[in-house]
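Have a look at the structure below, then the notes.
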Amino acid sequence: MKDLLITHTDLDGISPIVLLNLTEKKFEYKSIEINEVEETFNELFEKNLSLYENIYITDLTIPESIYVKLKELNNVKVFDHHETHLYANAYSFATVKVKEFGHLTCGTELFYNYLKSLYPKLDTPLIKEYVDLVRQIDTWDFTDLTLAKQLGSLPLIYGKKEFIKLLSKRLKKNKDHFELTAFEKRYLKIKNEDETNFIENKEKQMVTYLIEGRKCGVVFASNCNKSELGNVLSNHHPELDLIIIIDTTKAISYRTSRDDVRVNDFASLFGGGGHQKASGSSFNDNDRDSIVKNYYKNAKRLEDDKN
């Protein structure tokens, strides 16, 4: 029997796919956005999930309505690190921790610790270092800032599928340290210059608003390192409580560098959640429709005529 992995789309979400590849166990995976969680699980519940030996859920906050159905299965394990998801620990098959071994943790690290107990061959210096680099970039808790940031950029260079393929192959090598190729180093040097220019332009475009009593800097951006953009803008503007990054193709991100602000509380006001300094909420078709109709006052969706 094969396994099923349901996970997020960012580095912390796709790294569990890489780890399962290293076990050589047959499995399927679904890499989804936060706003696709309920739809994805409702579709899965219509199938015979007992066909899978294990169903792993990583780096995703699951609504309690989904847990009501998940608890009826006996082959599910959840690994997540979002503070707003701690209620899931009431279920025996869920492991949700914000910290592990005295540091901020991530879905990849929690899943890795579990997999090592099943596949001891995964306990190598190279894989262990890779997992910690993923943790650093996802939690913004750096011990090696440069290498972690570089790793975080690789999925943008190769695309998700090619990144998974390349990293699965690279982590099978018998090496003590994780290294980038000469090509990746050259490419990222150029990309870093472009990113600096991008952030400078976004800072010029940023507009400040008072939202729910919080001073917010709002920018529109897509296909970028949102943690890097949000962290730089927050550091440059300590007078602001948080930075809101609106990606109309995916979701809304909330970032802050201040210790006295909890952006997960702010995000929860809009149906989102996450970490104290990095959170998000969904941006769906209805939101896009509202923008179009607000800008083009007489706009009407053609689909409305078919109903």
Side-chain angles (χ1 to χ4, degrees), residues 8-10 13 30-46 60-66 82 84 155-156 159-160 194-234 236-237 239-256 261-275 278-307:
H8 195 205
T9 58
D10 64 1
K30 291 181 178 292
S31 181
I32 63 175
E33 296 290 353
I34 301 299
N35 61 350
E36 298 174 320
V37 168
E38 292 199 51
E39 179 182 356
T40 298
F41 277 94
N42 287 333
E43 290 176 354
L44 285 172
F45 287 136
E46 295 178 359
L60 288 170
T61 297
I62 309 300
E64 288 207 65
S65 59
I66 300 297
H82 296 99
T84 51
L156 299 176
K160 182 171 67 178
D194 292 339
E195 189 174 78
T196 298
N197 293 332
F198 174 82
I199 292 175
E200 289 177 353
N201 288 331
K202 287 301 171 184
E203 186 168 17
K204 294 175 183 177
Q205 297 170 10
M206 185 175 70
V207 180
T208 57
Y209 294 88
L210 185 65
I211 305 175
E212 299 293 336
R214 291 293 190 181
K215 295 179 181 178
C216 307
V218 180
V219 295
F220 286 80
S222 61
N223 296 324
C224 69
N225 186 329
K226 295 178 177 61
S227 289
E228 176 72 7
L229 174 61
N231 192 62
V232 170
L233 294 181
S234 185
H236 285 185
H237 298 274
E239 75 280 5
L240 298 178
D241 292 313
L242 66 145
I243 304 297
I244 299 177
I245 305 167
I246 301 176
D247 181 350
T248 56
T249 66
K250 291 184 179 180
I252 301 174
S253 301
Y254 308 93
R255 299 290 188 273
T256 188
V261 177
R262 298 176 60 85
V263 294
N264 51 347
D265 291 340
F266 185 87
S268 69
L269 299 175
F270 306 96
H275 307 292
S279 295
S281 61
S282 64
F283 197 96
N284 56 40
D285 288 340
N286 289 332
D287 298 320
R288 298 182 188 93
D289 194 48
S290 296
I291 289 177
V292 173
K293 290 180 177 178
N294 184 63
Y295 189 86
Y296 301 101
K297 302 300 182 183
N298 297 318
K300 182 180 181 181
R301 289 182 64 131
L302 294 179
E303 289 86 345
D304 294 341
D305 293 332
K306 299 176 183 179
N307 297 330

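A 4.5 Å side-chain heavy-atom check between Met206 and His237 finds at least one atom pair inside the cut-off. Side-chain contact between Pro63 and Phe41 is absent, with no heavy-atom pair separated by less than 4.5 Å. When side chains are defined from C-beta on, Cys216 does not count as touching Tyr254, because their heavy atoms never get closer than 4.5 Å. The side-chain heavy atoms of Glu239 and Thr208, taken from C-beta on, include no pair separated by under 4.5 Å. A heavy-atom distance below 4.5 Å is not found between the side chains of Glu228 and Phe198.
Separation of atoms NZ (Lys160) and OG1 (Thr9) is listed at 6.5 Å; rounding is to 0.5 Å. Separation of atoms CD1 (Ile34) and CD1 (Ile62) is listed at 8.0 Å; rounding is to 0.5 Å. Here Ile211 contributes atom CD1 and Arg214 contributes atom CZ; the two are 12.0 Å apart, rounded to the nearest 0.5 Å. With rounding to the nearest 0.5 Å, the separation of CD in Glu46 from CG in Asn42 is 7.5 Å. The CG atom of Asn264 sits 11.0 Å away from atom OG1 of Thr256, with the distance rounded to the nearest 0.5 Å. Atom-to-atom distance recorded for Glu38:CD and Ser65:OG is 5.0 Å, nearest 0.5 angstrom.
Applying the ring-ring contact (aromatic ring centres under 6.0 Å, His included) rule to His8 yields no partners; only residues at least two apart in sequence or on another chain are considered.
Side-chain N or O atoms of Asn231 include none that pairs as donor or acceptor with a backbone N or O of Ser227 at under 3.5 Å. With hydrogens and angles disregarded, a donor-acceptor distance shorter than 3.5 Å links the side chain of Asp287 to the backbone of Asn284. In terms of modelled atom types and a separation under 3.5 Å, the side chain of Thr40 and the main chain of Glu36 share a donor-acceptor contact. Between the side chain of Arg288 and the main chain of Phe283, a donor-acceptor pair closer than 3.5 Å is present. A donor-acceptor pair is defined here as one N or O able to donate and one able to accept, closer than 3.5 Å; such a pair exists between the side chain of Lys202 and the backbone of Phe220.
Nearest heavy-atom pair across Gly273 and Ala267 is N-CB, 3.8 Å. When all heavy atoms of Ala299 and Val292 are compared, the closest pair comes out as CB-CG1, 4.1 Å.
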Output a table of donor-acceptor pairs, distance under 3.5 Å, between side-chain atoms of residues 241-250 and any protein atom two or more places apart or on a different chain; print 'none' if there are none.
{"from": "Asp241", "atom 1": "OD1", "to": "Arg258", "atom 2": "NH1", "distance (Å)": "3.2"}
{"from": "Asp241", "atom 1": "OD1", "to": "Arg258", "atom 2": "NH2", "distance (Å)": "3.3"}
{"from": "Asp241", "atom 1": "OD2", "to": "Lys215", "atom 2": "N", "distance (Å)": "2.8"}
{"from": "Asp247", "atom 1": "OD1", "to": "Thr249", "atom 2": "N", "distance (Å)": "3.0"}
{"from": "Asp247", "atom 1": "OD1", "to": "Thr249", "atom 2": "OG1", "distance (Å)": "2.5"}
{"from": "Asp247", "atom 1": "OD2", "to": "Lys226", "atom 2": "NZ", "distance (Å)": "3.3"}
{"from": "Asp247", "atom 1": "OD2", "to": "Thr249", "atom 2": "OG1", "distance (Å)": "3.4"}

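Sparse packing is recorded around CD of Glu39, with 12 or fewer heavy atoms of other residues, nucleotides or ligands lying under 6.0 Å away.
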